[in-house]
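The structure appears right after this line, and notes come after that.
Residue numbers run from 1 in the order of the sequence given.
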Amino acid sequence: METILKQNKLLGEEESKDNSLMAVDGDSPPHYNDDCSASPFRKSPWSSHESTHLYASAVEDTNNVTPNVLMGSLVREEGHIYSLAASGDLLYTGSHSKNIRVWRNQKEFSGFKSNSGLVKTIVIAGEKIFTGHQDGKIRVWKIANKNSGVHKRVGTLPAFKDYLISSMKPSSYVEVNSNRKAVWLKHIDAISCLSLNEDKTLLYSASWDKTFKVWRVLDSKCLESVQSHDDAVNSIVAGFDGLVFTGSADGTVKIWSRELQEKGTKHIFSQILLKQECAVTALALDLVATMVYCGSSDGVVNFWEGDNHLFHGGALRGHKLAVLCLVTAGNLVISGSADMGITVWKRSGAEHLCLSMLDGHAGPVKCLAIERDPDESIPGQERWILYSGSLDKSVKMWRISERAPPMTQWRQQSYSSSDTKHLPATLPANHAFSSQGGVGQRKE
């Protein structure tokens, strides 16, 4: 409970408000019951609303370049939206109601439910859907062979059998606080985020219990547990040929280097990329441009770039409150915030241009997902469909174009900065990808 309260404070008032709303709604605390079978499709209290309004600041120019616009909203009465995942024409949405809803082409398609643990994060690996929950468990789902509208739960991480075997070995227990020990392969606090490595063979889970764990997608085996930070781990992303980046409420971003071994993996601590007073709340990678983006509770997005070495490229200042989520696509990086706004930036050489400040949500923007626009009709437009989930209980759909005209000069200067004068003095100057430093904890 102490960890959760501290996390709420660090992530901003919207999280504390969200927890109080859960109590008012009568949602009981997680009871850690793993008996959660797939539920048949039931009509959802969601409705789809097309929009004729433009909430973006950009306007259509004389070259008929599509501006960034709000296409519509999916409004629900079940609860706040905590997680999104897009795959082709399917959109998965998770909330504190414990339901995962599936949408196809912006229309309700299917749904399934876990009996415990609000849905904080969703990732898709081929035919498997992984959901991370407030109760510290990861649940695995699969689409039924005979009916694409039916999702069945095929497992829970860790598997009960693996947990039972480990619990009988004294060497499997690690100290989690001064008065408690727990089996190493199980998270003991909320799952904050999930991430897949580049070939989707490994699943990474990060938690408020200060650890991240590594799971093999093929058989759902836990390969490794790393005691990574001094406070809750808020974000984890994998990429750049074996590197893993973790961001924490302790104000640091750390780099870990993965080594493949005969029986699993070993992640070696490489270095601290960022150390600051405010919490790190979101991370995102641009794998093509080799860039790392980091959102913080002060509303700033720092970024690093480089091929063989990472160096600090600047800070994007587009929000007044905490950055809660980040995504990248093409030359775009998009941030969602507790200030209820979404900022769209375009990378152009060494600069980032602010294309739009998207307004429309009535609550903090908690999650983002993006897919290429299937209806892209103009060659070279590089258009995307952006989904944003909020604590206002809605998901909004935006059409985003890399060729949208940037905001006017005077407004850009108010929201962006590429200098380092406001960065913490402890920020390292030049960062190598090569492994160095100590070894992260691993339990067998």
Side-chain angles (χ1 to χ4, degrees), residues 27 33-50 71-135 137-157 159 191 194 196 200 203 217-220 327 366-375 384-390 393-399:
D27 192 23
N33 181 7
D34 193 41
D35 182 20
C36 45
S37 58
S39 61
F41 170 73
R42 295 175 300 170
K43 183 172 178 57
S44 165
W46 286 50
S47 59
S48 180
H49 303 277
E50 293 185 358
M71 298 171 58
S73 301
L74 304 174
V75 182
R76 71 184 301 166
E77 299 299 332
E78 287 183 328
H80 310 303
I81 309 302
Y82 282 94
S83 52
L84 296 170
S87 176
D89 60 353
L90 296 181
L91 174 69
Y92 292 80
T93 60
S95 73
H96 84 251
S97 70
K98 307 164 191 175
N99 290 327
I100 299 97
R101 296 291 177 184
V102 188
W103 297 79
R104 169 172 282 174
N105 299 325
Q106 290 80 57
K107 294 182 179 180
E108 187 176 346
F109 175 67
S110 180
F112 50 100
K113 181 178 181 178
S114 168
N115 289 338
S116 63
L118 64 86
V119 188
K120 295 184 69 67
T121 177
I122 306 171
V123 297
I124 302 170
E127 297 179 345
K128 294 182 179 179
I129 299 98
F130 295 92
T131 56
H133 297 258
Q134 181 80 24
D135 62 9
K137 292 181 180 179
I138 303 166
R139 292 173 172 86
V140 190
W141 311 83
K142 193 174 181 180
I143 299 175
N145 293 329
K146 296 182 179 180
N147 187 346
S148 61
V150 175
H151 291 69
K152 295 183 178 181
R153 187 176 66 82
V154 295
T156 301
L157 306 183
I191 305 291
L194 298 171
L196 294 162
K200 297 187 177 183
L203 174 72
V217 171
L218 181 64
D219 57 8
S220 298
V327 293
K366 198 71 177 65
C367 48
L368 297 168
I370 194 166
E371 284 284 295
R372 187 175 293 278
D373 187 353
D375 297 325
W384 309 85
I385 301 299
L386 175 70
Y387 301 94
S388 57
S390 169
K393 305 180 182 181
S394 76
V395 174
K396 295 191 180 296
M397 301 167 290
W398 314 80
R399 175 170 281 120

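His151 has its side chain within reach of Tyr92: a pair of non-hydrogen atoms, C-beta onward, lies under 4.5 Å apart. Here the side chains of Val217 and Lys200 are not in contact, with every heavy-atom distance at 4.5 Å or above. Proximity of Val140 to Lys128: side-chain heavy atoms (C-beta onward) are separated by under 4.5 Å at one or more points. Here the side chains of Ser114 and Val119 are not in contact, with every heavy-atom distance at 4.5 Å or above. The shortest side-chain heavy-atom distance between Val102 and Phe112 falls under the 4.5 Å cut-off. In this structure, the side chains of Leu91 and Leu74 come closer than 4.5 Å at one or more pairs of heavy atoms. Counting only heavy atoms from C-beta outward, the side chains of Ile191 and His133 never approach each other to under 4.5 Å.
Across all their heavy atoms, Lys113 and Trp141 have their closest contact at O-CH2, 3.5 Å. Considering every non-hydrogen atom in both Ala85 and Ile124, the closest pair reads CB-CD1, 4.1 Å. Here the closest heavy-atom approach between residue Ile385 and residue Met71 is recorded as CD1-SD, 3.6 Å. Between Ala86 and Glu371, the shortest heavy-atom contact is CB-CG, 3.3 Å.
Remark: Cys367 SG to His80 NE2 distance equals 12.5 Å, nearest 0.5 Å. With rounding to the nearest 0.5 angstrom, the OG1 atom of Thr156 is 11.5 Å from the CZ atom of Phe130. In this structure, CG on Leu194 lies 9.5 Å from CD1 on Ile122, to the nearest 0.5 angstrom. Put simply, CG on Leu90 and CZ on Arg104 are 5.0 Å apart, with the number rounded to the nearest 0.5 Å. Between the CG atom in Leu368 and the CH2 atom in Trp398 there is a gap of 10.5 Å [rounded to 0.5 Å]. In this structure, CD1 in Ile81 is found 11.5 Å from NZ in Lys396, a value given to the nearest 0.5 Å.
Although no hydrogens or angles enter the test, the distance criterion places a donor-acceptor pair under 3.5 Å between the side chain of Asp135 and the main chain of Lys137.
Annotation: ring-ring contact (aromatic ring centres under 6.0 Å, His included) contacts of Tyr387 (sequence neighbours excluded): none. Take Ser83 and apply the side-chain hydrogen bond (donor to acceptor under 3.5 Å, both in side chains) test, not counting sequence neighbours, and it matches no residue. Residues forming a side-chain hydrogen bond (donor to acceptor under 3.5 Å, both in side chains) with Asp219 (at least two apart in sequence, or on another chain): Arg216.
With hydrogens and angles left out, the side-chain atoms of Arg139 and Ser116 include a donor and acceptor closer than 3.5 Å.
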Open item on the list: Could you go through Leu203 and Leu157, starting from their C-alpha distance and side-chain angles, then the distance that decides it, and tell me whether this counts as side chain to side chain contact (heavy atoms under 4.5 Å, CB included)?
Closed with: CA-CA 11 Å; Leu203 174 72; Leu157 306 183; 4.0 Å; yes

